[in-house]
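Worksheet: one structure, shown below.
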Amino acid sequence: MRSSRLFAPTLREVPSDVEMTSHALLLRAGFIRQMGAGVYEFLPLGWRVLNKVSDIIRDEMDKSGAQELLLSAIQPEELWAESGREGPMSDVLIGFQDRRGTKYYLGPTHEEIITDLVRKNVRSYRDLPLNLYQIQMKYRDEPRPRGGLVRCREFLMKDAYSFDRDEAALDTVYNRMYEAYVNVFKRCGMDITAVDASGGAIGGKETKEFMLLTDAGEDSVLMCPKCGYAANQEIADFRLVDASTGDEKKQMARVDTPGAHTVDEVCGFLKAKPNQLIKTLILMADDKPVAALVRGDRDLNEGRFRVLLGASKLEMATPEQIAACTGGPIGFSGPVGLKVPLYADEETLGMVNFIVGANEGDAHLVDVNWCDVAGKVTSARLRFAVSGDLCEKCDEPFEEKRGMEMGHIFKLKYAISEPLNAVYTDEDGSEKLIIMGCYGIGVSRIVAGVAEVSNDDNGLIWPVSIAPYQVQLICANVTDETQLALAERVYETLVQAGVEVLYDDRNDRAGVKFKDADLIGTPIQVVVGKLAAEGKAEIRTRVDKTAEPVAEADILANVQARVGG
RNA sequence: CGGGGUGUAGCGCAGUUUGGUUAGCGCGCGUGUUUUGGGAACACGAGGUCGCCGGUUCGAAUCCGGCCACCCCGACCA
C-alpha cells in the first residue's frame with residue numbers, strides 16, 4: 001500500500017476531549033474516528049489491526065474445536081422475555097420496533113439467540129458436544145462509554161457458546177477455552193493475568209477474567225505475590241484479621257452532629273477516625289429494605305451482598321425510602337432500634353464504642369456496642385478486599401492493581417438452557433437440559449489494550465502479529481531519482497514476497513514521514529535515503545532506531561528474518 | 001441518573017466578564033517559488049448557520065430561557 005493513497009488522516013494535535021493514551025494515539029495515527037459517544041469508525045489501519053486480531057482468534061478457536069457461524073444482530077424481544085434477562089439487562093438494551101410493531105433488540109450478547117438455534121436443531125446426545133462462536137458487533141447502551149475503544153456502545157466481540165451433556169464435558173471445553181485464550185493473548189503480544197471473577201447478572205462462580213494490567217483499567221485486581229492468587233476485587237477472598245482492642249465498653253450516648261451526613265463530616269465533627277464509625281447503608285432488595293453495616297472506611301460489595309440475600313435486584317434506597325424505614329434523613333441511619341433486617345460486615349463485630357447514625361436528623365450515637373443494638377444481626381463478609389488485606393491461603397498482603405478486562409470465560413450451566421428449555425434426549429431415552437458455557441473476547445478492546453500499553457512519546461508500537469503493516473518503507477526524498485528507483489524496486493520485491501508493506505512515497509520532507517511512521521507504529525522501518533547511491537537501504541525497528549545498512553539484494557531476507565522473529 | 005466541564009474553520013485555541021466596523025491566531029488545506037534525513041521558508045488564497053431553538057435589543061459569538069451533543073468523576077457495567 002502506498003501512503004500517498006492510504007486513507008489515514010494523522011493528527012499533530014490531540015483532540016481536546018481525549019484523555020486516555022490509547023484513544024489519543026489511535027485517533028492521531030488515523031486508525032479510528034468517532035461517530036458519537038462510544039461509537040467509532042474503523043479506518044483502514046484500524047480495520048487491518050482488528051482483522052489481524054480476529055484472525056488470531058479464529059485460528060485458536062478453530063484449533064480448539066469450535067465452529068464459526070454468524071448470528072443475527074437483530075433479536076426478537078420475546079426471546080429476552082423468555083430467558084428472564086430482559087429485566088436485569090434492560091439498562092443496556094437498545095430496542096426498536098418494525099413496521100408491524102414487533103419489538104427487537106440489537107444484540108448486546110447472544111445467549112438467547114444461540115440457545116434458541118440449538119434447541120430447535122439439537123435433538124440427541126449424538127448432536128453434542130457443540131462449541132459455536134462468532135465475531136460480531138455488539139450493541140449496549142452503556143451508561144458511560146469511555147476511553148475510546150475501551151468501553152463502547154458498539155464494539156466487536158468474539159463470543160463462543162458451548163453445549164454439552166454433563167458437567168464433566170463442560171469442564172473439558174471450559175479448560176480448552178482457557179488454553180485457547182492464553183494462546184490468543186500471547187499471540188497478540190499481550191501480558192495477560194487470568195483472575196477469579198464474578199458471574200455478574202447471570203451468576204455462576206466458575207469464571208475467569210483475562211486482565212491486562214494497566215492503570216487505565218476499570219477493574220481492581222487483588223494479587224497475592226506469594227501464591228499467585230489473583231481475583232477481581234468484586235469477589236476476592238481474604239483472611240479476616242481480628243482487630244478487636246479489648247477496650248472496656250462505655251455507655252452509649254446521643255450527640256448532636258448538625259449537617260454531618262458523610263463519614264468525613266461526622267469524623268471531622270467528632271474528631272474520630274473513619275474506622276471508629278459504622279455506616280449503615282439502606283438498600284432495597286427486590287423492593288424490600290435491608291441495612292448493610294460496614295466500617296466507615298470500607299466500601300460495601302453490593303454484588304456479594306446481593307448474592308448473600310439471594311435477591312435478583314439490589315439498589316441503594318432513595319432518601320424517601322430511607323426516611324420511611326428509619327424515620328430519619330439520609331446520612332443519619334444507624335442500627336440501634338432499626339426495624340429492617342440488619343446485615344453486618346464480619347469486621348465490625350469486634351468493634352467496641354463505635355459511632356452510628358441516630359435515625360434522626362443531625363444526630364449520631366457514640367460509644368455504641370453491639371449489645372445496644374436490639375434485634376437480630378446477620379454477620380457476613382460484605383466489604384471489598386483492598387490492598388494490604390491478607391491472602392486467605394498464605395497470609396501474604398495483597399497487592400492491588402488496575403486491570404482492563406480483555407476476555408471472560410464462564411460456566412453458564414443451566415442459567416439459559418433452563419428458561420429456554422433447551423434439551424436433548426440422552427442415551428437412556430430421558431430428556432435432559434443441555435449444560436452451557438460462554439466465552440467472550442473484546443476484539444476491539446484488544447486493539448485499545450495493546451495501544452494502551454505499547455507506545456512511547458512518538459506513537460504506537462505494534463507487535464508484528466497484529467500490526468496494520470509489518471513494514472513501513474520510507475523513501476526519504478522522492479525527487480531524488482536514485483532513491484525513488486531503489487524504493488520502488490524494494491517495494492515490488494517485498495510485496496511480491498508477501499510482506500505486508502506500507503510504502504511512504506509521498507513528496508514530503510523526510511521528517512514528516514519519520515514522524516508518521518513512528519506514530520502509526522509499524523514494527524519494522526526500511527528507509528531508502530542517502531545510502532541509495534551505494535545501493536543500500538537502512539533497516540531498523542520501531543523500538544530500536546539503530547539503523548542497519550543493507551544492500552539491495554539482502555533487504556528481503558533481512559526483513560523476512562525480522563518479521564519472522 | 002447525580003456532580004463537574006466544554007461546544008467559535010479539519011485539529012488546537014483567543015475573543016464572551018463590560019453587546020457595537022468585515023469574528024481572529026497557530027497548525028493543517030490549495031496554488032507558486034525555494035527547499036528535502038526527524039512534523040521547512042516565503043507569497044498569495046480558500047475555508048465559519050460562533051452547537052440548536054426562542055427571547056431581550058437599533059444591534060447578540062457575547063445578555064436571558066429552553067434544548068442538544070461531547071468529555072471527565074461517581075453510580076452502573078454477561
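Chain A is the first sequence line, chain B the second, and so forth, proteins listed ahead of strands; every chain is numbered from 1.
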Exercise. Could you measure between the two C1' atoms, the one in B/G20 and the one in B/U57, and give it in whole Å?
Key: 12 Å
Quiz item: Judged by modelled atom types alone, do A/E234 and A/N301 share a side-chain donor-acceptor pair under 3.5 Å?
Solution: no
Quiz item: B/A40 pairs with which nucleotide, Watson-Crick or G-U wobble, both distances below 3.5 Å?
Solution: B/U34
Quiz item: Expressed as a whole number of Å, how far does the C1' atom of B/U56 sit from that of B/A9?
Solution: 30 Å
Exercise. Taking only the side-chain heavy atoms of A/R151 (C-beta and beyond), determine which of B/C70, B/C77, B/A78 contains the nearest atom.
Key: B/C77
Practice problem: Look at the aromatic rings of A/W80 and A/Y105 and report parallel, tilted or perpendicular, splitting at 30° and 60°. | Solution: perpendicular
Practice problem: Between A/M316 and A/G36, just flag the one whose closest nucleotide in RNA chain B comes earlier from the 5' side. | Solution: A/G36
Quiz item: Rounding to a whole Å, what distance do you find between A/L314:CG and B/A75:P?
Solution: 15 Å
Exercise. Send over the distance from A/R153 CZ to B/A78 C1', rounded to a whole Å.
Key: 19 Å
Quiz item: Within the structure, does a side-chain N or O atom of A/R146 lie under 4.0 Å from either OP1 or OP2 of B/C71?
Solution: no
Quiz prompt | Watson-Crick or G-U counterpart of B/A69, or none if no pair lies under 3.5 Å | solution = B/U6
Self-check item: Strand partner of B/G74, provided both Watson-Crick or wobble distances fall under 3.5 Å
Solution: B/C1
Self-check item: Nearest-Å distance for atom pair CZ/P, residues A/R445 and B/C77
Solution: 14 Å
Quiz item: Which is true for A/G147 with a 4.0 Å heavy-atom rule: it touches a base, it touches only sugar-phosphate, or it touches nothing?
Solution: sugar-phosphate
Practice problem: Scan every strand shown for a Watson-Crick or G-U wobble partner of B/G54, both distances under 3.5 Å, and answer none if you come up empty. | Solution: B/C64
Quiz item: For the pair made of CZ in A/F210 and P in B/A78, what is the distance, rounded to whole Å?
Solution: 18 Å
Practice problem: Nearest whole angstrom, please: distance from the C1' of B/C77 to the CD of A/E302. | Solution: 12 Å
Practice problem: Mind checking A/E218 for me? I need base, sugar-phosphate or nothing, with any heavy atom below 4.0 Å counting as a touch. | Solution: nothing
Quiz item: Watson-Crick or G-U wobble partner for B/U22, using a 3.5 Å limit on both distances?
Solution: none
Quiz prompt | Presence of donor-acceptor pair under 3.5 Å, side chain of A/R144 and base of B/C77 | solution = no
Quiz item: With both distances under 3.5 Å as the test, what is the Watson-Crick or G-U wobble partner of B/G45?
Solution: B/C29
Quiz item: For A/M157, which contact category applies under a 4.0 Å heavy-atom criterion: base, sugar-phosphate, or nothing?
Solution: base
Quiz item: Looking at A/L27 and A/I32, what are the two nearest heavy atoms and their distance?
Solution: CD2-O, 3.5 Å
Practice problem: Classify the nucleic acid contact of A/V478 as base, sugar-phosphate or nothing, counting any heavy atom under 4.0 Å across all strands shown. | Solution: nothing
Quiz item: If you measure from the P atom in B/U49 to the same atom in B/C77, how many Å do you get, rounded?
Solution: 43 Å
Quiz item: To the nearest Å, how far apart are A/M284 CE and B/C76 P?
Solution: 16 Å
Quiz item: With distance as the sole criterion, is a donor-acceptor pair present between the side chains of A/Y503 and A/E488 under 3.5 Å?
Solution: yes
Quiz item: What interatomic distance, in whole Å, is found between C1' of B/G26 and the corresponding atom of B/U8?
Solution: 15 Å
Quiz item: What nucleic acid atoms does A/P15 come within less than 4.0 Å of, heavy atoms only: base, sugar-phosphate, or nothing?
Solution: sugar-phosphate
Exercise. Classify the side-chain pair A/E112/A/S83 by whether it contains a donor and acceptor separated by less than 3.5 Å.
Key: yes
Exercise. From the options A/K513, A/K545, A/R28, A/R540, select the one residue that forms a salt bridge (charged side-chain N to carboxylate O under 4.0 Å, His left out) with A/D518.
Key: A/K545
Practice problem: Can you check each nucleotide of nucleotides 28-39 of chain B against protein heavy atoms at under 4.0 Å and return B for base, S for sugar-phosphate only, - for none, in 5' to 3' order? | Solution: S------BBBBB
Quiz item: Say you pick atom C1' in B/G30 and the same atom in B/G47; how far apart are they, in whole Å?
Solution: 10 Å
Quiz item: Have A/D544 and A/T546 got a donor and an acceptor in their side chains that come within less than 3.5 Å?
Solution: yes
Quiz item: Quick one: which of B/A78, B/C72, B/C13 gets closest to the side chain of A/S16?
Solution: B/C13
Quiz item: Whole-Å distance between B/G10 P and A/R33 CZ?
Solution: 13 Å
Exercise. Please report, rounded to the nearest Å, how far the P atom of B/G74 is from the CG atom of A/D219.
Key: 12 Å
Self-check item: Residue that, paired with A/Y178, satisfies ring pair (Phe, Tyr, Trp, His ring centres under 6.0 Å) out of A/F210, A/F185, A/Y439
Solution: A/F210
Practice problem: Please state the C1' separation for the pair B/C52 and B/A69 - nearest whole angstrom. | Solution: 10 Å
Quiz prompt | Criterion side-chain hydrogen bond (donor to acceptor under 3.5 Å, both in side chains) on A/R402 and A/S220, from CA distance to verdict | solution = CA-CA 5 Å; A/R402 302 295 288 175; A/S220 275; 2.9 Å; yes
Practice problem: Indicate whether the side chain of A/Y133 and that of A/N131 have a donor and an acceptor atom separated by less than 3.5 Å. | Solution: no
Quiz item: B/C63 and B/G74: how far apart are their C1' atoms, nearest whole angstrom?
Solution: 34 Å
Quiz item: Roughly how far apart, to the nearest Å, are B/G19 and B/A60 at atom P?
Solution: 13 Å
Self-check item: First encountered from the 5' end of RNA chain B, between A/H23 and A/V92
Solution: A/H23
